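The block underneath contains the structure these notes are about, expressed in structure tokens.
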Amino acid sequence: MKRKNKSSKNIILGTIGISMLVIIFGYFFVCRTKITTSEAELIYGSKSYILSQEESDVLKEIFNNKLLYFDSPSCGFGEDIAIKFGELIFCIACDNCGTIRYGDMYFSISDKDREVINQIFINNHGRRPSV
């Protein structure tokens, strides 16, 4: 009897240990956006617009430190409707959804943040992001 209890205890402790490692690994090593430059550029078609420091700061706050994930959304994306921070390109969904493409990965933003982005596009280009 004692042998069975010890074996069950080892299995439980092992499971807890592995679970803790997965949680710690997931917390420290998940993919997140990281913006290090402060100047943003708005790309719309073949035109580009350097954004004000205030607009750049707002966009940096919206885009920075976002959890990235793999997906295949049906939103239309392209580097011709995007926000750039240096070499980092954030492609804006053209169907007004709150999904942003960053490289081969995606992250989500709130409806409120999406409206802020739309307004920045309107202020600088005269149109919201669309195909």
Side-chain angles (χ1 to χ4, degrees):
M1 272 299 200
K2 288 184 180 184
R3 192 173 187 168
K4 189 174 183 181
N5 280 343
K6 190 173 186 178
S7 178
S8 296
K9 191 184 246 185
N10 286 341
I11 289 172
I12 291 171
L13 288 175
T15 302
I16 291 171
I18 290 171
S19 297
M20 293 300 292
L21 286 174
V22 168
I23 291 169
I24 291 169
F25 179 79
Y27 180 77
F28 287 107
F29 296 103
V30 293
C31 293
R32 291 188 173 270
T33 58
K34 184 175 181 181
I35 300 171
T36 57
T37 183
S38 61
E39 185 178 90
E41 179 181 357
L42 183 146
I43 309 296
Y44 202 109
S46 60
K47 297 182 179 180
S48 84
Y49 308 86
I50 302 299
L51 300 178
S52 70
Q53 190 61 55
E54 181 182 344
E55 290 172 321
S56 295
D57 290 343
V58 167
L59 289 171
K60 185 175 182 178
E61 186 175 319
I62 292 172
F63 292 162
N64 205 25
N65 202 30
K66 294 294 184 190
L67 180 63
L68 296 167
Y69 56 87
F70 289 102
D71 198 2
S72 55
S74 60
C75 317
F77 294 97
E79 291 186 8
D80 58 338
I81 298 178
I83 301 290
K84 284 179 68 175
F85 282 91
E87 298 299 313
L88 307 178
I89 301 172
F90 297 90
C91 301
I92 311 301
C94 296
D95 65 354
N96 220 19
C97 78
T99 304
I100 307 293
R101 189 181 83 196
Y102 174 69
D104 294 332
M105 299 180 83
Y106 300 87
F107 63 91
S108 298
I109 59 172
S110 69
D111 290 342
K112 181 181 173 189
D113 287 343
R114 178 57 201 238
E115 280 305 312
V116 170
I117 292 170
N118 288 346
Q119 194 58 52
I120 289 172
F121 269 83
I122 290 167
N123 292 348
N124 288 278
H125 180 68
R127 296 180 58 184
R128 39 179 52 207
S130 64
V131 178

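The model shown is predicted, which means the values in this text are computed figures rather than measured ones.
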(message) Assess, by modelled atom type and distance only, whether the side chains of Ser56 and Glu39 contain a donor and an acceptor separated by less than 3.5 Å.
(response) no
(request) Side-chain contact test, heavy atoms from C-beta onward, threshold under 4.5 Å: evaluate it for Phe63 versus Asp113 and give yes or no. (result) no
(message) Measuring only between side-chain heavy atoms, which start at C-beta, is Ile100 closer than 4.5 Å to Tyr106?
(response) no
(request) Looking only at non-hydrogen atoms, find the nearest pair between Pro129 and Ala93 and report the distance. (result) CB-O, 4.2 Å
(message) Tell me whether Thr33 contacts the main-chain N or O of Lys66 through its side chain, where contact means a donor paired with an acceptor under 3.5 Å.
(response) yes
(message) Using a 3.5 Å distance criterion without hydrogens, assess whether the side chain of Asn64 forms a donor-acceptor pair with backbone atoms of Lys60.
(response) no
When the side chains of residues 73-81 are checked against the rest of the protein, which donor-acceptor pairs come out under 3.5 Å, sequence neighbours left out?
none

(request) Take Tyr102 and Ile89, measure what side-chain contact (heavy atoms from CB on, under 4.5 Å) needs, and give me the verdict at the end. (result) CA-CA 6 Å; Tyr102 174 69; Ile89 301 172; over 6 Å; no
(request) Give the cluster check for Leu88 versus Tyr49: same hydrophobic cluster or not, with ILVMFWY residues linked at side-chain heavy-atom distances below 4.5 Å. (result) yes
(message) Working to the nearest 0.5 angstrom, can you tell me the gap between Phe121 CZ and Arg127 CZ?
(response) 11.0 Å
(request) Answer whether the closest heavy-atom distance between the side chains of Gln119 and Ile122 falls below 4.5 Å. (result) yes
(message) Within this structure, what is the CD1-SG distance for the pair Ile83 and Cys91, rounded to the nearest 0.5 Å?
(response) 10.0 Å
(message) Over 60° means perpendicular and under 30° means parallel, so tell me whether Phe107 and Phe90 are parallel, tilted or perpendicular.
(response) perpendicular
(request) For the residue pair Thr99 and Ile109, establish whether any side-chain heavy-atom pair is separated by less than 4.5 Å. (result) no
(request) Begin from the C-alpha positions of Asn65 and Lys34 and carry the test side-chain contact (heavy atoms from CB on, under 4.5 Å) through to its verdict. (result) CA-CA 6 Å; Asn65 202 30; Lys34 184 175 181 181; over 6 Å; no
(request) Give a yes or no on whether the backbone of Cys97 and the side-chain of Arg114 come within a donor-acceptor separation of less than 3.5 Å. (result) yes
(message) Atom CD of residue position Gln53 - does it have more than 12 heavy atoms of other residues, nucleotides or ligands inside 6.0 Å?
(response) yes
(request) Please step through salt bridge (charged side-chain N to carboxylate O under 4.0 Å, His left out) for the pair Glu41 and Lys47, ending with a clear verdict. (result) CA-CA 10 Å; Glu41 179 181 357; Lys47 297 182 179 180; over 6 Å; no
(message) Between Ser48 and Leu42, is there a side-chain heavy-atom distance shorter than 4.5 Å?
(response) no
(request) Could you tell me whether the side chain of Leu59 reaches within less than 4.5 Å of the side chain of Ile35, counting heavy atoms only? (result) no
(request) Output the distance between atom OG1 (Thr36) and atom CD (Glu87), rounded to the nearest 0.5 Å. (result) 10.5 Å
(message) A side-chain contact here means heavy atoms from C-beta on lying under 4.5 Å apart; do Ile92 and Tyr44 qualify?
(response) no
(message) I'd like to know if the side chain of Glu55 and the backbone of Ser52 have a donor-acceptor N/O pair within less than 3.5 Å.
(response) yes
(request) Identify the two heavy atoms, one from Tyr69 and one from Ser108, that lie closest to each other, and give their separation to 0.1 Å. (result) OH-OG, 2.8 Å
